[in-house]
Amino acid sequence: MFKNIKNDVLGGITAAVVALPLALAFGVASGAGAQAGIYGAIILGFFASLFGGTATQISGPTGPMTVIIAAAIVSFQNDLASVMTIIFLAGLIQISFGFSGIGKWIKFIPYPVISGFMSGIGVIIIILQINPFLGVDGFGSVIQTLIEIPNTLHLANDDSLVIAYITLIIMFLTPKVITKVIPSALIALIVMTIFTIYYGFDVKVIGEIPTSLPEFVLPFNFDILKLSDILMYAVTLALLGTIDTLLTSLVADSMTKTKHRPNKELIGQGIGNTLCSFVGGIPGAGATMRTVINIKSGGKTKISGMTHSIMLLITVVFFAKYAAQVPLAVLSGILIKVGVDIIDYRFFRIMNVLHKNDLLIMITVLLLTVFVDLIMAVGAGITFAAISAVYKISKQTRIQTIKSFKDSPFDIDIDNSDIRILKIDGAFFFGSAMLLERRIKKVLRAKHIIIDCKNIPFLDISAIITIEETINLLNEYGIKVSLVVKERDRRRLVKIEDSELFKNIKIYKDIDLAINEIQKEKLQINE
C-alpha cells in the first residue's frame with residue numbers, strides 16, 4: 001500500500017481540490033448547509049476508502065444523493081433527527097447489501113433505466129438551481145420551481161445573475177490545458193468570490209461555517225408514525241448510492257485495469273454513510289469525476305481517498321472563514337454544470353437505432369424521476385424492462401407439431417392419424433406457456449400426443465402448471481400423453497407431492513424411446 005505513497009498523496013490532494021467546491025455546493029443544495037456537505041465528504045470519503053473494495057475510489061456527496069436528501073429535508077422540516085435516521089438506515093441497508101452479496105446483481109439493471117434515471121437527476125439539479133441562479137430563495141420541489149418561474153423572474157437579483165453567468169462561462173469555456181492543472185469549479189469558486197468581495201456585489205453567501213468539530217447527532221429520536229416515510233427514503237438512498245458507487249467502480253476498473261470487490265465496496269460505503277448521520281453530514285457515494293481525477297493524478301491505493309478527506313478537514317479548520325464568503329450564485333453555476341454533465345448524452349446519440357421499447361423505458365423513467373418520485377421511477381423502469389425482456393424471450397420460443405416421417409427428425413414412421421409430437425424449442429416459462437395452450441387446440445384429433453421438452457433450458461413453476469393443465473385437458477378428450485424431459489426435470493416433476501399426474505403418466509428421457517413404446521403398445525392392441 002505504501003509503495004506508491006507519494007503519488008497517492010498527490011492524487012488525494014488533487015481530488016480534494018475538486019471535491020471542495022462540490023461539497024459546499026451539494027451541502028447548500030440539500031438544504032442542510034455547506035457544513036453538512038463538507039463533513040459528509042470528510043467522513044464518507046475517509047471510511048469508504050478505508051473499508052471499501054475499490055482502491056482508487058473517491059467518495060462524497062453526489063448529485064443524485066443530494067436530490068434525495070433534499071427531498072427528505074423538505075418532508076421532515078425542522079426534524080434533523082428523522083433526516084439523520086434516514087441516512088443511518090441507508091448506511092445499514094448498504095452494509096446488508098454487501099454482506100448478502102447483492103453487489104454483483106446491480107449490473108443486471110437495464111441500461112435504459114440507468115440512463116433515464118441519471119438524466120432525470122441531471123434535469124432536477126438544473127431546475128432546482130434556477131432560483132439560486134437568479135438570487136432568489138429556492139424551492140425543494142421541481143414542479144413548484146417551474147410554476148413559480150414568472151414570479152421568480154420578477155424577484156431576480158441582477159448582481160446574482162452577473163456572477164452566475166460568469167461562473168457558467170468559466171465552467172464551460174475554461175480550456176482543458178488549464179483544467180488539467182486546476183479544476184474549473186475551483187477557478188470559479190476562487191475568482192468569483194474575490195470578484196464579488198472586491199466589487200461589493202449584494203448577493204447571498206454561504207455564511208459562517210463552524211471550524212469546531214461537528215455536534216454529535218443521535219439518530220432514532222423520531223416520531224414512530226413517520227417510520228414508513230423514513231424507510232422509503234432510506235431504501236431509496238441505499239439503492240441509489242449502491243448503483244452510483246458501483247458504476248463509478250466499473251469506471252475505475254477500466255482505467256486501472258484492476259477488478260474491484262463490489263460487496264466490500266458496499267460495506268465501506270455503508271459504514272461511511274452510517275457515520276455521517278452522527279455528525280449531521282449528508283450522505284454520498286463513489287464520485288466518478290473525483291475518482292477519475294485521483295487516478296489521473298497518480299492515486300492507486302486507499303491512501304489517496306483518505307488523504308482527500310484529511311485535506312478537506314484541514315480546509316475546514318484553517319480556511320472556513322474564506323469559504324463562508326462564497327456566493328450562492330457561484331455554487332448554482334457550478335451545480336448547473338454538474339447537472340449538464342450527469343445527463344446521458346450517449347443514449348440520445350444512439351436513439352435512432354434503439355428499439356422503441358428501450359426508448360419508451362428511458363423516457364418514462366426520466367419523466368417519473370423529474371416529476372413524480374425517484375424510487376417509483378427506478379421500480380417502474382425495471383418492471384417495464386423485465387416485461388419487455390420476457391416478451392422478447394417468449395417470441396424466441398418455438399412449438400413445432402410433427403405429424404409424419406417427412407416432418408420428423410427421427411428414423412421412425414409416425415402414424416399421421418394417431419400420433420403427434422409437440423416439440424418445444426427455447427425457453428418455456430410464464431411468458432411463453434400460452435403458446436402451448438394455443439397449439440394444443442390444433443391436435444385434439446390425435447390419439448396419442450408426445451410433448452417433447454428436451455430442448456427447454458429450464459422449467460419454471462408457471463410452465464410446469466401449464467403442462468399439467470394441458471395433460472388434464474388432453475385426458476378429458478381421451479388423448480394419451482407422454483412427456484419427454486431432461487433427467488433433472490423428471491426428478492423435479494415426480495417430486496411434486498400434490499400432483500399424482502406426473503407420477504402416473506409416462507415420462508421419457510429420449511423421444512425415440514417414447515415413440516418406440518407407443519408403437520409397441522399399438523402392435524399389442526392390434527394383435
Side-chain angles (χ1 to χ4, degrees), residues 8-50 58-63 65-66 69-70 73 80 83-84 87 182-183 185-194 196-197 204-217 271-285 287 289-290 293-294 297 299 302-328 330-331 334-335 338:
D8 283 330
V9 170
L10 178 61
I13 292 173
T14 308
V17 169
V18 177
L20 175 62
L22 295 176
L24 293 171
F26 287 134
V28 172
S30 72
Q35 180 187 12
I38 285 288
Y39 285 136
I42 292 170
I43 299 297
L44 175 60
F46 187 87
F47 288 99
S49 292
L50 180 62
I58 301 294
S59 301
T62 61
M65 297 291 275
T66 300
I69 206 64
I73 289 173
L80 181 62
V83 174
M84 291 303 112
I87 298 171
I182 306 175
L186 187 63
I187 294 172
L189 190 75
I190 295 173
V191 171
M192 294 313 299
T193 300
I194 295 173
T196 302
I197 295 171
K204 296 179 180 179
V205 297
I206 287 177
E208 183 181 357
I209 300 176
T211 57
S212 59
L213 292 175
E215 293 183 9
F216 182 79
V217 179
I271 292 172
N273 280 324
T274 299
L275 293 175
C276 282
S277 69
F278 290 103
V279 298
I282 63 172
M289 184 170 67
R290 280 158 270 179
I293 288 171
N294 176 44
S297 300
K302 296 172 180 286
I303 291 176
S304 59
M306 292 186 281
T307 300
H308 139 271
S309 293
I310 294 169
M311 284 303 301
L312 288 177
L313 180 61
I314 292 172
T315 301
V316 171
V317 173
F318 295 103
F319 302 103
K321 63 180 180 179
Y322 302 110
Q325 301 301 314
V326 175
L328 298 183
V330 173
L331 297 183
I334 293 172
L335 284 176
V338 171

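Bear in mind the structure is a predicted one, so any value in this text is a computation, not a measurement. Only this structure's heavy atoms are used, side chains among them; waters, hydrogens and symmetry mates stay out.
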To check you understand the geometry: which heavy-atom pair defines the closest contact between [X] and [Y], and what is its length?
X	Y	result
Leu312	Ala19	CD1-CB, 4.3 Å
Pro283	Ile69	CD-CG1, 3.9 Å
Leu44	Ser59	CG-CB, 3.9 Å
Ile38	Leu24	CG1-CD2, 3.7 Å
Thr193	Pro327	OG1-CD, 3.6 Å
Ser49	Gly305	OG-CA, 3.2 Å

- Side chain proximity check, Gln325 to Ile197, heavy atoms < 4.5 angstrom: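 When only atoms from C-beta onward are counted, Ile197 and Gln325 do touch, with a gap below 4.5 Å.
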- Are Phe47 and Asn273 close enough that some pair of their side-chain heavy atoms sits under 4.5 Å apart?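 The answer is no; the side chains never approach within 4.5 Å.
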- Message: Holding to side chain to side chain donor-acceptor pair (under 3.5 Å), I want the full list of residues that pass it with Ser30, two or more places apart in sequence or in another chain.
- Response: none
- Message: Under the rule for side chain to side chain donor-acceptor pair (under 3.5 Å), what residues qualify as partners of Thr66, not counting sequence neighbours?
- Response: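 If we apply the side chain to side chain donor-acceptor pair (under 3.5 Å) test to Thr66, skipping adjacent residues, there are no hits.
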- Task: Give a yes or no on whether the backbone of Lys302 and the side-chain of Asp8 come within a donor-acceptor separation of less than 3.5 Å.
- Result: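 No, the answer is negative, given that no donor and acceptor are paired below the 3.5 Å cut-off.
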- Please answer whether the main-chain N or O of Phe46 pairs with a side-chain N or O of Ser309 as donor and acceptor at a distance below 3.5 Å.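 Checking the backbone N and O of Phe46 against the side chain of Ser309, a donor-acceptor pair under 3.5 Å is found.
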Once rounded to the nearest 0.5 Å, what's the spacing between atom [atom1] of [X] and atom [atom2] of [Y]?
X	Y	atom1	atom2	result
Leu80	Ile73	CG	CD1	8.0 Å
Thr62	Ile282	OG1	CD1	8.5 Å
Ile13	Ile310	CD1	CD1	10.0 Å

